[in-house]
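Order of listing sets the numbers, starting from 1, for every ligand and every atom in it. Heavy atoms only: backbone and side chains are in, while hydrogens, waters and symmetry mates are out. Not measured: the values here are computed from a predicted model.
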Amino acid sequence: MQTKLAGALEKAREQFEAANPRSRAAHATAAASMPGGNTRTTLYYSPFPLTMTCGDGCLLTDLDGHRYVDLLGDYTAGLYGHNNPVIRRAVHQALDRGWNYGAHGPDEARLAAVLCERFPGLDLVRFTNSGTEANLLALATATAHTGRRTILVFTGAYHGSVLTFADGDFPLNVPHRFAVAEYNDIAATAEVIDRHADDLAAILVEPVLGSGGSLPAAPSFLAHLRHQADETGALLIFDEVMTSRMAVGGMQELLGITPDLTTLGKYTGGGMTFGAFGGRADVMACFDPGRPGSLAHAGTFNNNVLSMAAGHAGLTELFGAEASGALFRRGESLRARLNEVSREHGAPMFWTGLGSMLTAHFQLGPIRSPRDLRPAPAQRELFHLDMLTRGFHLARRGMIALSLEVGDHECARFTAAVDEFLTEHTPTLVEAGKG
Ligand code: PMP
């Protein structure tokens with residue numbers, strides 16, 4: 001006999017397919033020249049992903065003409081929403097001056113100065129083209145600086161397309177000597193560190209596990225990592241590619257824990273292609289090309305004028321202390337409200353997160369580490385397709401990253417949509433949870 005969940009999912013897929021013939025055709029065409037019609041795996045979902053054609057403020061429009069409230073915010077990169085006039089002006093002005101100088105420009109130093117002023121852990125910073133590249137460079141810096149090889153990472157972590165620790169040994173990972181410990185488990189982590197203490201070059205950690213399910217690190221866990229890095233002589237690296245949005249100086253400012261190196265990306269380049277790594281002056285000094293024996297860090301597009309200009313305009317004109325505080329509070333109250341709605345329905349749905357980063361899980365809370373997570377792919381698909389049909393765009397894995405364009409009105413509408421979803425599907429979710 002078909003379960004309630006399988007039946008509901010079949011119906012949701014049929015509805016989705018019937019409503020989106022143009023996106024379906026676009027996906028079939030794309031599949032002729034890209035594997036699975038896709039060049040960024042995170043954007044794929046079954047039965048086929050929607051093709052978006054236009055973004056404005058907090059709204060997206062797809063090929064079949066539907067409009068969505070964009071709650072995904074490009075997995076945190078879309079902090080400024082779509083088509084923001086400040087970013088648009090900065091990019092236009094940069095274009096007006098021409099690009100690809102093959103030389104220093106005025107904007108990289110301005111952007112670097114703002115970042116170093118804001119992030120307690122940044123004395124000096126360098127730019128890259130993505131968060132992945134920023135982490136690759138930070139790890140290479142740590143191994144070169146310490147003369148050691150082992151990198152401590154955590155279960156469920158995502159530091160880039162070749163630095164993925166979600167499901168054990170990922171075949172595309174770069175061949176560093178990785179040791180993996182359990183996120184938010186001080187005792188187990190201490191044991192792993194003890195085993196590798198003599199060779200430990202770096203501890204790489206997301207202050208909130210982002211792709212791994214929006215799971216915040218306990219402050220005591222991060223304080224412990226700071227302590228153990230000091231004890232062993234390893235460098236503590238905060239991957240703040242996602243979490244830098246929690247305050248103008250990122251999680252390091254909020255927690256008062258200063259890492260040796262920090263990596264950034266996503267919105268920090270104003271929504272253009274971007275990454276950055278930086279930290280202690282004595283560590284980053286190895287990249288000073290004027291010094292004898294310095295290390296070269298090349299990259300044709302490291303100071304590309306669009307990212308430098310857009311990044312600076314976004315940080316200085318749009319994302320100050322007031323805006324970041326308001327965004328954080330909006331996310332906190334949305335998450336509280338969503339969990340209240342789940343509780344009222346007695347539904348196995350729990351929202352984790354911090355500030356403007358949230359993820360829906362189809363189980364009861366609390367959820368502290370990836371170890372607590374139960375896979376629920378069918379529930380996730382049902383929820384995702386249902387929300388798309390109701391006009392809300394979020395990640396298949398249930399992730400939301402509020403942009404500055406999402407207001408109280410959109411949050412209230414989304415909460416009402418989740419309420420309706422649970423009115424219809426709570427018995428289905430309860431039955432599936434028992435299975
Ligand atoms: N680190 C974290 C924590 C991330 O979430 C991501 C991207 N989702 C990256 C690194 C990689 O950034 P990019 O996609 O720009 O390579």
Note to self: List the protein residues in contact with ligand 1, where contact means a heavy-atom separation under 4.0 angstrom.
What the structure shows: S130, G131, T132, N135, Y158, H159, G160, E206, D239, V241, M242, K266
Check: Could you give all pairs that pass the salt bridge (Lys or Arg N to Asp or Glu O under 4.0 Å) test and reach residues 380-406, with sequence neighbours left out?
Finding: R13-E381, D386-R390, R390-E420, R390-E424
Item checked: Stepwise ring pair (Phe, Tyr, Trp, His ring centres under 6.0 Å) check, Y75 with Y158 -> CA-CA 12 Å; Y75 294 87; Y158 181 81; 9.5 Å; no
Check: Between F221 and F154, what is the ring plane arrangement, given parallel below 30°, perpendicular above 60°, and tilted in between?
Finding: perpendicular
Item checked: For F392, ring pair (Phe, Tyr, Trp, His ring centres under 6.0 Å) partners two or more places apart -> F414
Next item on the list: Mind jotting down which residue pairs meet the side-chain hydrogen bond (donor to acceptor under 3.5 Å, both in side chains) criterion with at least one end in residues 242-257? Sequence neighbours excluded, please.
Entry: E240-T243, E240-Q252, S244-Y267, R245-S356, Q252-T262
Notebook entry, point to check: If only atom types and distance count, is the side chain of Y68 paired as donor or acceptor with the main-chain N or O of L394 below 3.5 Å?
Noted result: no
